[in-house]
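Read through the structure below, which is laid out as structure tokens, and then see the notes.
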Amino acid sequence: MPELPEVENVARAMSDALLGKRLDGIRVTYAGALKPTPRKVRSALLGLRLNEVMRHGKYIFLGFGHDVDDVTAQLLLHLRMTGQVFVQSDYRPDKHVHLFFDFEGRVVFYRDIRKFGGFELLDGAPGAAAIPHVGQDMLLISRRDWLLKIGKRTAPIKVLLLNQGIAAGLGNIYADEALHRAGVHPLARPVDLDVKTLARVFRESRRVLRQGIKHGGTTFQDFVDFTGKPGNFRDQLRVYGRTGEPCPVCSGKIVRLKVGGRSSHYCAVCQPE
DNA sequence: AAGATTACCTGAAGGC
DNA sequence: TGCCTTCAGGTAATCT
């Protein structure tokens, strides 16, 4: 499931492989993956070059223009739950591949089993202004701003870490991992925690996201990188998906609990309520 | 106004 | 070639 580290790896790979290349064609087998309509997207982008790849939280902005560095139109990409973007010369597309982008002969596939994700054409090049409900990127927000936004809240901290309006990028897996590393229970309320503890959650959130990026992301079920390979961070997970196993730090039992409708995994010993 | 619930989809897993 | 229910989790919309 793509969260910030997985999206960052996709963005970097797209940038490396496609920057400056001309978009010559788009084949569409599921129109819902290309908004507002495949026709309008083709009419706006065909013949233009990909001049910018920018990640914000779990979103990727793809900037297109006529000349070098010129950006006159943008595609906004979100992978949601099962979206995959990759280039693989020997790949045989299955029924879940919905889009084929032709960049000067190189084919980029968009595959999405659950069809939640996709691309959306933005008028002009609004960038982050197109997603005003999304807060600053979790890797860019200052500790001060983050503490101001979260410090007095009364909702469970797990829910707030997942709230993309406060800071963008953490998903269910990395949020559980960050809370374990910080030693904080997922139901803890920020208003009840001291600043030092909150600062630890902030630091560990950043750290686990950076480690995820370094390891090529986490593949639990569906994520693959730009070359179609799964990520390596799964081995580093300490609590997510390890219900019933011993905690790697203290050997306490890892338990699972629904928080805000989402499964949360934590160590009952390291993360007391 | 924040928090809870539901919708969007498909596939895997497990009970019977 | 079994049927049915539940679950997985990102986000928007719709409730309370």
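Within every chain, numbering begins at 1; the chains are lettered A, B, ... in the order of the sequence lines, protein sequences first and strands thereafter. Hydrogens, waters and symmetry mates play no part in the numbers below; they use all other heavy atoms, side chains included. The model shown is predicted, which means the values in this text are computed figures rather than measured ones.
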Rounded to the nearest Å, what distance is computed from the CD atom of residue A:Gln84 to the P atom of nucleotide B:dT10? 16 Å
Report the nucleotide, chosen from B:dT10, B:dG3, C:dA12, that has the shortest atom-to-atom distance to any side-chain atom of A:Arg114. B:dT10
Closer than 4.0 Å, any side-chain N/O of A:His78 to the OP1 or OP2 of C:dT11? yes
Looking only at side-chain atoms of A:Lys58, point me to the closest of C:dA12, C:dT11, B:dG3. C:dT11
With a 6.0 Å cut-off (strictly less than), is the heavy-atom count around CG of A:Asp123, excluding the residue itself, greater than 12? no
Is_stacked (A:Phe116, B:dC9) at 5.5 Å, 30 deg: no
Sort out the partner of B:dC9 for me: Watson-Crick or G-U wobble, both distances under 3.5 Å, none otherwise. none
Using side-chain contact (heavy atoms from CB on, under 4.5 Å), reason through A:Met54 and A:Ile60 one step at a time and then give a plain yes or no. CA-CA 6 Å; A:Met54 204 268 293; A:Ile60 296 177; over 6 Å; no
Atom pair distance, as rounded to whole Å: CZ in A:Arg153 and C1' in B:dG3: 10 Å
Given the P atoms of C:dT11 and B:dA1, what is the spacing between them in whole Å? 23 Å
Ignoring backbone atoms, test whether A:Thr154 places a side-chain nitrogen or oxygen under 4.0 Å from the OP1 or OP2 oxygen of B:dG3. yes
When you measure from the side-chain N and O atoms of A:Lys115 to the phosphate of B:dC8, is any distance below 4.0 Å, counting only OP1 and OP2? no
How many Å lie between NZ on A:Lys35 and P on B:dC8, as a whole number? 12 Å
Counting heavy atoms not belonging to A:Arg210, are there more than 12 under 6.0 Å from its CZ? yes
Where each residue is assigned the nucleotide of DNA chain B containing its nearest heavy atom, which of A:Arg80 and A:Lys95 is assigned the position nearer the 5′ end? A:Arg80
Could you give the OH-to-P distance, from A:Tyr110 to B:dC9, as a whole number of Å? 13 Å
For the residue pair A:Phe103 and A:Phe64, does the interplanar ring angle fall in the parallel (under 30°), tilted (30 to 60°) or perpendicular (over 60°) class? parallel
Between B:dC9 and C:dT14, how many Å separate the two P atoms, rounded to a whole number? 15 Å
Heavy atoms under 4.0 Å, any strand shown: does A:Tyr59 hit a base, just sugar-phosphate, or nothing? sugar-phosphate
Could you please name the option among B:dG3, C:dA8, B:dG11 that lies closest to any side-chain atom of A:Ile113? B:dG11
Rounding to a whole Å, what distance do you find between A:Leu187:CG and B:dA4:P? 10 Å
Rounded to whole Å, CZ of A:Arg262 lies from C1' of B:dG3 at a distance of 15 Å
Kindly say if A:Gln164 contacts the phosphate of C:dT11, meaning a side-chain N or O under 4.0 Å from OP1 or OP2. yes
Specify whether A:Tyr174 and A:Phe233 have parallel, tilted or perpendicular ring planes, treating 30° as the upper limit for parallel and 60° as the lower limit for perpendicular. parallel
How many Å lie between CG on A:Leu162 and C1' on B:dA4, as a whole number? 15 Å
On the nucleotide B:dT10, are OP1 or OP2 found under 4.0 Å from the side-chain N or O atoms that A:His96 carries? no
Between C:dT11 atom C1' and A:Glu3 atom CD, what is the distance in whole Å? 13 Å
Could you tell me whether A:Tyr266 and A:His185 have their ring centroids closer than 6.0 angstrom? yes
Presence of A:Lys258 side-chain N/O under 4.0 Å of C:dT6 phosphate oxygens OP1/OP2: no
